[in-house]
Amino acid sequence: MALFEPVIMKGIGEIDLTDIDVYERNGGFAGLRKALREMTPDSVTAEVTNSNLRGRGGAGFPTGRKWGFLPKDGRQRYLVVNCDEAEPGTFKDRMLLEYTPLQIIEGIVISAYAIGAKQAYIYIRGEFLNGSRIFRNALAAASSRHYLGERILDTDFSLDLVVHRGAGAYICGEETAQLESIEGKRGEPRLKPPFPAIAGLYGLPTVVNNVETLCYVKHIIERGAQWFAKIGPEKSPGPKIMSVSGHVKKPGNYEIPLGIPARELIEEYAGGLLPGRTLKAFQPGGASSAALFVEDLDVAIDFDSLGAKRTMLGSGGFVVMDDTACMVNCARTLTRFFEHESCGQCTPCREGGQWVARMVARLEAGEGSEEDLRVLDTINSTITGTNLCPLGDSIMPFLASVLKRFPEEFAAHIAHGGCPLKQTPVGAA
Amino acid sequence: MTPERLARGQELIARYPQPQSALIPFLQYCQEQDGYVTLQAMKDAGELVGVTPGEVESIASFYTLLFKERVGKHIIQVCRTLSCSLRGADELQSYIKRKLGIGHLETSADGRFYYEEVECLAACDRAPCLQHNLEFHYDVTPAAFDQLLEAWQTQPPQPAMPAE
Amino acid sequence: MVKLLIDGQEVTVPDGTLVVEAAKELGTQIPVYCYHPKMDPAGLCRICLVEIEKIPKLQIACATRVTEGMVVHTMSPKVAEARRGVLEFLLLNHPLDCPICDKGGECDLQDFTMEYGPGASRLTEPKLHKPKRVDLGPTIVLDEERCILCRRCTRFDDEIAQERNLVVVERGHSSLIGTVDGGDYESYFSGNTTEICPVGALTSKAYRFRARPWDLGHADSVCTQCSVGCNYRVDTRFGKIMRTFTRENPAVDGGWICDRGRYTFNYLYESARVRQPLIRRDRELERATLSEALAVTAEKLGAAAAAGRVGVIGGGRLSDEEAFALQRFAREVLRTNNIDHRARLQKYASPARFGARLTDIDDADLILVFGAVTPEQAPILDLRIRRAVARHGARLVFVGPFKPELAVPFDYVEYTTGAIGDLMEALASGVARGVPDGAPFVAELSKALSDAGKIVAVHNGRNVVAATALERLVETLRGNDKSAGILVVGSQGNARGAEAAGCVPNLGPGYAPVSNPGLTTTEMLQAAAAGKLDALFIVGANPALTFPDGGLARKALETVPFLAVSDQLLTETASFADVVFAAASQFEKRGHVTNLEGRRQAFAQAIEAPVHVAADAAILAGLANAMGRIDVLFDDPDWLFSRLEMAEQAAGTKEPLPRPKLDSAAAPQAEALDAQRKTFAVIPVPKLYAGGGAAAHDPGLEPMRPQPRAIFSEDDALLLGIADGRIVTLAGRNGSITVPARIDARTPAGSVLVTADMPDAPVNRLLDASGTGRVTVTPAEARREVTA
Ligand SMILES: Cc1cc2nc3c(=O)[nH]c(=O)nc-3n(C[C@H](O)[C@H](O)[C@H](O)COP(=O)(O)O)c2cc1C
Ligand code: SF4
Ligand code: FES
C-alpha cells in the first residue's frame, strides 16, 4: 500500500530545510508570495475557510472561522503561534520547529497577513532550546531576505515576529494561559468570555494557532482550498501529522490523510507491533484522550469519527500499548502527569486530580482497595466538566476507559498486592 | 542591579509592548548566569518591569524550569510519561539514580548533578529520552547513559539552563 | 433590564448582572468561595456551579451574566452532585480542626458542608500536610492546611489594596499563599483578609483563640481613628471587646476598614488607661473620686472664668453631642469664647463650599491631593483613590512638600506648604482664562483640569490661603460645567463634627458667628505661657505632643496655674495636669460623629465603662452642676443631640460657611532654602501608627509602630557625612531629638523629613506654631549606628 505523499513533512530527513536556499529551491515562500502579491487578506481567509482546515493544536476548531471572530474595529491585533507542544505522546511541533522552521515562518506571515496582525509571537516550549535556536536562525535568514519585517517583499504588509520561550508548564499550551505567560504572568488560564478574539494578548484581539495548522495554511494558499478539502472526510479534511509512539516497530511522525483507519496507521505507517505482541490499547490523541482497544482498530482517524467513539484526535499523539503494558501503570503515569501540571486554580482539577493520582498510585503499588475503585467510578462526573479550562476534563478519560475495559486488571492489583504482569520493557537492555 | 543586567533587561523589554513580558526572559537570563533564580534576581526583575518582589516569586515559582534554589551544574531531566515509560524509562531512572546516588529533585553533594523526573519531553519516538542542560539525548540505555556521563564530565563548563 | 427564571421564579435584573447576584434578589443563596462582590469574578472554586437550560455543561453563577429568558436551576440533582464533589475535594486534605478554629461558627466551608456536603466521608487518604501557623507578619497567622486556595486574600491585596505582596506561590496542589521569601505581609489593610477568608486560614493575631462567634455580643459602631468614619461592628464578650468587624456602608467605607481602626481597642485594657480620676497632691498625681475631681475643677475653673482668664481646648475626639456640650460648657458656664478643637496643624476641617462626597472619588477623572498624605491620614479614603486610579483610569496628582509613597502611579508636584496657595491661584486663573501660564507643570495641570470631566480635590486644611484659592478654582471649574468638589482630611476623628458643633472661638453650633470671638489654641497657649490665663481645660487633645510649637505648648501647660485634662490615657499633656478625668472611650458610650465629608453617623455603645470612668458628657454635666448651672447641661446624649440640632437649625447657616478664626501663626510661609546647608527645613511626615494616645499604648499596634526617622536626600547626606542608619541629632527652636537617619532620593534638597507625633522623638520640638522649622544636624558619635 502506498503511503500518503507528505505535504508539510516533505523533505524532512532528506534535505536540510533549515537552509533558506534549500527551502526556497523546494517551493519555499511560494505561498507567501502568492498571498501577499496576488490575494487580499479577505481572500486568504476565505480560502482557509473553504478548505475546512481545523486546528491541529488539539481542539480542532475551524481555522477560518476562528479568524472571522476578530472584530473589525480597527484595533491592533496579534497572532500568537502555539509551539508549546507538551501533550504526552505528541512530538510533531518540535520536529517542524527543528526541521522546517522556514515553513512555519511562511505560514505565520500568510496568516498574519490574513488577519491583519502586524505583530506575532511564537511561544516555544522552554525545553525546546535547540529548536528555538534553529528557529531564531531561520527568522534571521527570512528577515534578511525580506520575508519578514518592514514592507515584506516590497508590499505594504509588515510583520514583526518575536520568539518567546516558555519556562516549564504544560498548561501554557492552553491558549489563554499562553497569553498570560507571554504577558509575564503565571500561566493560568483565563476565565472566558471574553475570548481571545475579542480581548486576547494585552487585552487586544488575538488569534492563537498551532504551528502545524499554520504550515497547512501555506499549502492551502499555494494549492487552493479544494485540494485540501478533498483529502479525507468532508468535515474533517486534510493531512495531519500523527505522532506514533509506544509499542510499535517504527515510532515516529507520519503525515496521513485524515480518515484512514487506526489499523493502517499502526500497521502500514508505524511498521506494526513488535514481534510476538498483541495490541491491548491505544490512545489516539494524546494523554487527554480516552483509550481505544483492539475492537476499535477500524475507527477512522479524524476529528468526528474519534469523537463519536468518545475519544478524540486531539493533537495527534498516538500511543500504542501492547499486551506487556500494565493498564494501571499507564493510568498512574498519566494521572500523575495531570496532577503535576494542574495550574491549581480550580478545586476539582487541583484537589480531585491529586486525589485520583494518589488512588491510582496506591492501586498500582498493590495498596488499593475496592473502595478506591468505587470512588474512581463516581468521581468522573465531579471532576469532568466542572473546571475553568479543559485540563481538568483530561484527567479522567484514559483512566475511565481502561477501568471500564480492564476492570480485572485493577482488581488483580488489589488481590495480588501489586502488578501481576511481568512487564518486559522494550527499551531496557 | 548590575549595569549589564539592566542593559539586558532593557533589551528584552524593548521586544514587547508591555515591560512585564520581559520578566520570564530576564529571569532565564539571570538563571543562566547564576545557576538558579536568586533573590537578588527576583528583586532586580521586579524593579525592572515594575512588579513587586512578591509577584515575581509567585510567577517564578509557577514554572518548573526556573529553579529557586541552587541546583547542580549538570541538570539531568529524564522523561517519565507514558511513551517513555512503555519503553524502559523506569529502569533508566533507577539506573541513573543509583549511579549518581541522588533521587528525584536532588542535587549531588558535590553540587555537580541535579536529577529530576520530568513530564513528556516530546521525543516519544526515541524513548526513553532525557535532557541534559536542555540538550536532548534519545534512546538512552543504561550503557548509553554511562557514555554520556563520561562525556559531560570532561566537557568544558557550560550554563546548566541556557537562556536563549 | 433582563428577565430570567431561577428555580422557577421570575426575576428582572439589570443587564450584565451575574447569576449569583440575580439569585440573591430572590433570596436564593448560591454558595460561593472565591466570588466576592467587591472583586472581579475569578471562577476558581467551582462551588457555585448551576444548571442553565440549553447549555450542556454546568456554569459558574459567579461569572455568568444573565441573558433574556435564561432558565437557571440552582438545586437540580446535577448541581447538587457537583457541589458535593467540590466540597468533597476541599475536605480531602483539610485538617478538620473546627473545634479549635477561630472561624468555627462562621466558616463557609463548615456551613456549606452541612448544607450541601457529602453525607459520609469516603476519604481514606492520609492527609497531605502543609505549613501551619505561618507567621505572616505583624497582624496575621496563616494555616495553609485550612486554606482552600480561593485567592480572595491575594486578589484583595491586588485588586483592592493594589499592593500585590500577598501572592500565590508554587502551583497545582502545592500552591500556597505567601509573600516574597517568606517575609512579612505588611499592609494597612491586612485585617480585611481575615474577614474575607471564607475559612479559618487567615486569622488575626489579636483575636486568635479568644472567642467563638456565637458567644459574641455586637454593637454597631463607627471608627474614630481617623476622619473617614468607617462603619464597623464591635464584638464583645463578658463586657470586653474581642474584635471589630466591617459593617459595610458603601458610601463611606465600601466594606473595608484599615488595621489601625480594626486593631485599636486593646489599649483600653492596658495599665496606661486612666481608670480613675487623678488629682495632683504634693506634685504627684493621686487617685481620687469623681466628685473630688469635679469639685476641685469646678472651683478652679469657676474662679478663672470669673476673672475672664480661662481657656478650653478639645472636641475633635468627642462625639458630636459632647463637642456641643463642651462649647456650651465654655460659652454658657465659663462664659468664654476661648474654645478651640484645633491642637494640630490643621486650621479648618471642612471646605467652606463645594464639599465633595467620598464616593465622588470613584468616578473622578482627576484627583488632586494637596498635602494630605492619604494612606497615613485617611487609609480607607486612599483605598478609594487606589481603585479609581488603578481600575477606572483616574489621574492622581500629589502636590506637597515631599513625594509620598503611594500604592498607585501618580504625578508629583513639589510645593512647599507655604506656596501651595500661589499654585492654586495660578491654576484658578489659568483655568478661568483658558490660557494656562506660569511654570510648565502649572500649564500642564491647568490643561489636565480643563480636560477632566470630574475632579476631586483633597486637602489637609492647613493653609487657609490655599483653601480659599482652591474654592475659587472649584468655582471656576463648576462654571465650566465640570463636576468638582473638595474633601478635607481631618486631623482628628471628629474634627469636622467639633467644628460644626461650635468648638472654635468665633463660631457657635452650625457655624453661627459669635459676637465676641475668643482665643485660638495658639493664642490660649501663648496667653497661658505668658501668665495671662489662670486655668486651661483640655478634653481629648494632646497638644504637648501634637501642637506644632511644642515648646510653647509645654511652657503653657507648665505655667498655667490650673490644668484639667480629660482623657482615656495618661498622655504627654495629662502628665502636666492638676486634675485628670478618666474619660470613657467611644466604645463605652453612644452618640454621633461627623466624618470628613460631613456625614453624621450614629454609633452604639459596645461595653460598659469601668466604674470610675465617665463619659465626657457626664464630666461636663457634672462640672456644670458643681458650678451651679444644673440647667445648662445634661449628660443624656439624646438631649444633647436634640439641642445640637435645634441650634443648627436656628443658625440656618448657608454656604459659604464662615471660616474658623485664624491667628498670626496660622499660615506657614514659603521659606528660602539655606544654600549653605547649615540648617535644614523640617517637614513633619504623618504615619498611620504614630501618635501618643491609643497608638502608643495598644499592644496590638506595637509591632506596627513606626520608628522615628530623619530622612535626607542623597546629596545632603553626603554633605553631612552621614550614612543610612546613622544616629543624628536634630536641634531646633524648642530643643532636639535624636533619631536614626535615612537616605531617600525623594527627599527635597535642603529639607529633612521627620516622622510626626512620635512620643520618643517629638517633631514639635523643632517647629513653630505654623508648623515650619529649621534644624542643625549633628551625627552622633561614631560606632552608634543602628542597622536597618
Ligand atoms: C491543557 C491544554 C494544553 C494545550 N496544549 C497545546 C499545545 O501544546 N499546543 C497547541 O498547539 N495547542 C494546545 N492546546 C490547544 C490550545 O488551547 C489552542 O486550542 C490551540 O493552540 C489553537 O490552535 P489551533 O486552532 O491551530 O489548533 C492545549 C489546550 C489545553 C486545554
Ligand atoms: S487563605 Fe483564605 S482567602 Fe486566601 S486563598 Fe486560602 S482560603 Fe482563600
Ligand atoms: S464562587 Fe463561582 S467559581 Fe468560586
Side-chain angles (χ1 to χ4, degrees), chain A residues 167-172 177 185-194 336-359 361-362 367-393, chain C residues 33-35 40-49 55-60 62-65 77-94 109 118 121-128 147-151 154 158 164 167-177:
Chain A
Y170 163 71
I171 191 60
C172 290
K185 303 179 185 149
R186 290 167 66 88
E188 292 172 341
R190 295 178 183 169
L191 203 56
K192 287 174 270 192
R336 180 181 58 194
F337 169 79
F338 291 112
E339 175 197 25
H340 187 256
E341 298 301 335
S342 167
C343 80
Q345 289 193 102
C346 298
T347 310
C349 173
R350 180 188 68 239
E351 303 295 334
Q354 169 265 134
W355 190 17
V356 168
R358 283 167 78 196
M359 274 187 285
R362 218 179 30 224
E367 289 152 17
S369 67
E370 297 292 330
E371 176 62 14
D372 289 329
L373 297 182
R374 270 194 295 279
V375 172
L376 287 177
D377 230 19
T378 53
I379 210 170
N380 196 356
S381 59
T382 50
I383 293 187
T384 309
T386 53
N387 296 291
L388 185 157
C389 96
L391 190 142
D393 298 351
Chain C
Y33 288 124
C34 66
Y35 176 71
D40 291 344
L44 308 176
C45 73
R46 322 301 289 182
I47 189 76
C48 70
L49 286 165
I55 306 181
K57 287 212 304 190
L58 297 180
Q59 300 293 307
I60 43 174
C62 72
T64 308
R65 303 202 183 264
K78 256 176 96 177
V79 172
E81 186 184 10
R83 273 181 201 166
R84 218 172 25 245
V86 170
L87 287 166
E88 181 169 46
F89 296 143
L90 288 176
L91 294 172
L92 269 176
N93 295 303
H94 188 89
L109 188 59
S121 172
R122 305 193 285 176
L123 313 175
T124 50
E125 297 304 298
K127 306 225 176 241
L128 293 182
C147 171
I148 58 168
L149 292 166
C150 69
R151 304 196 185 181
T154 58
D158 173 7
R164 289 175 278 273
V167 294
V168 179
V169 294
E170 305 300 328
R171 74 176 190 211
H173 67 86
S174 309
S175 298
L176 297 171
I177 300 302

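To find a chain, count down the sequence lines: A is the first, B the second, and so on, and within it residues start at 1. Note that the coordinates shown come from a computational prediction; the quantities given were computed from them, not determined experimentally.
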Could you tell me whether a side-chain N or O of C:Q59 sits under 3.5 Å from a main-chain N or O of C:K57, the two making a donor and an acceptor? yes
Any C:F89 side-chain heavy atom under 4.5 Å of C:I47 side chain: no
Atom group of A:L191 that falls short of 4.5 Å from chain C, counting heavy atoms: side chain
Given a strict heavy-atom distance threshold of 4.5 Å, which part of C:R83 is in contact with chain A: side chain, backbone, both, or neither? neither
Please check this pair: side chain of A:T386 against backbone of A:I383, looking for a donor-acceptor N/O pair closer than 3.5 Å. yes
Any heavy-atom pair between the side chains of A:T382 and C:R84 that's under 4.5 Å? no
Side chain, backbone, both or neither: which part of C:I60 has a heavy atom under 4.5 Å from chain A? side chain
Evaluate the criterion salt bridge (Lys or Arg N to Asp or Glu O under 4.0 Å) for residue pair A:E371 and A:R374; output intermediate values, then yes/no. CA-CA 5 Å; A:E371 176 62 14; A:R374 270 194 295 279; 3.2 Å; yes
Relative to chain C, which segment of A:R186 carries a heavy atom at a distance below 4.5 Å: side chain, backbone, both, or neither? side chain
So, the part of C:P56 with a heavy atom under 4.5 Å from chain A: the answer is neither
Greatest number of non-hydrogen atom pairs under 4.5 angstrom with chain C, of A:P348, A:C349, A:G353, falls to A:P348
Would you say the side chain of C:L91 lies within less than 4.5 Å of the side chain of C:L109, judging by non-hydrogen atoms? yes
Quick one: which of C:A42, C:A63, C:S174 has the most heavy-atom pairs under 4.5 Å with chain A, could you say? C:A42
Let me know if C:E170 has heavy atoms under 4.5 Å from chain A in its side chain, its backbone, both or neither. backbone
Can you tell me which portion of C:V167 sits under 4.5 Å from chain A's heavy atoms? Options are side chain, backbone, both or neither. neither
Is it the side chain or the backbone of A:C346 that comes within 4.5 Å of chain C heavy atoms, both, or neither? both
Of the backbone (N, CA, C, O) and the side chain (C-beta and beyond), which part of C:L49 lies under 4.5 Å from a heavy atom of chain A, both, or neither? side chain
Ignoring hydrogens and geometry beyond distance, is a side-chain donor-acceptor pair present between A:R358 and A:Q354 at under 3.5 Å? yes
Can you check whether C:H173 reaches A:S342 side chain to side chain, under 4.5 Å on heavy atoms? no
Proximal component of A:E188, with respect to chain C [non-hydrogen, under 4.5 Å]: side chain
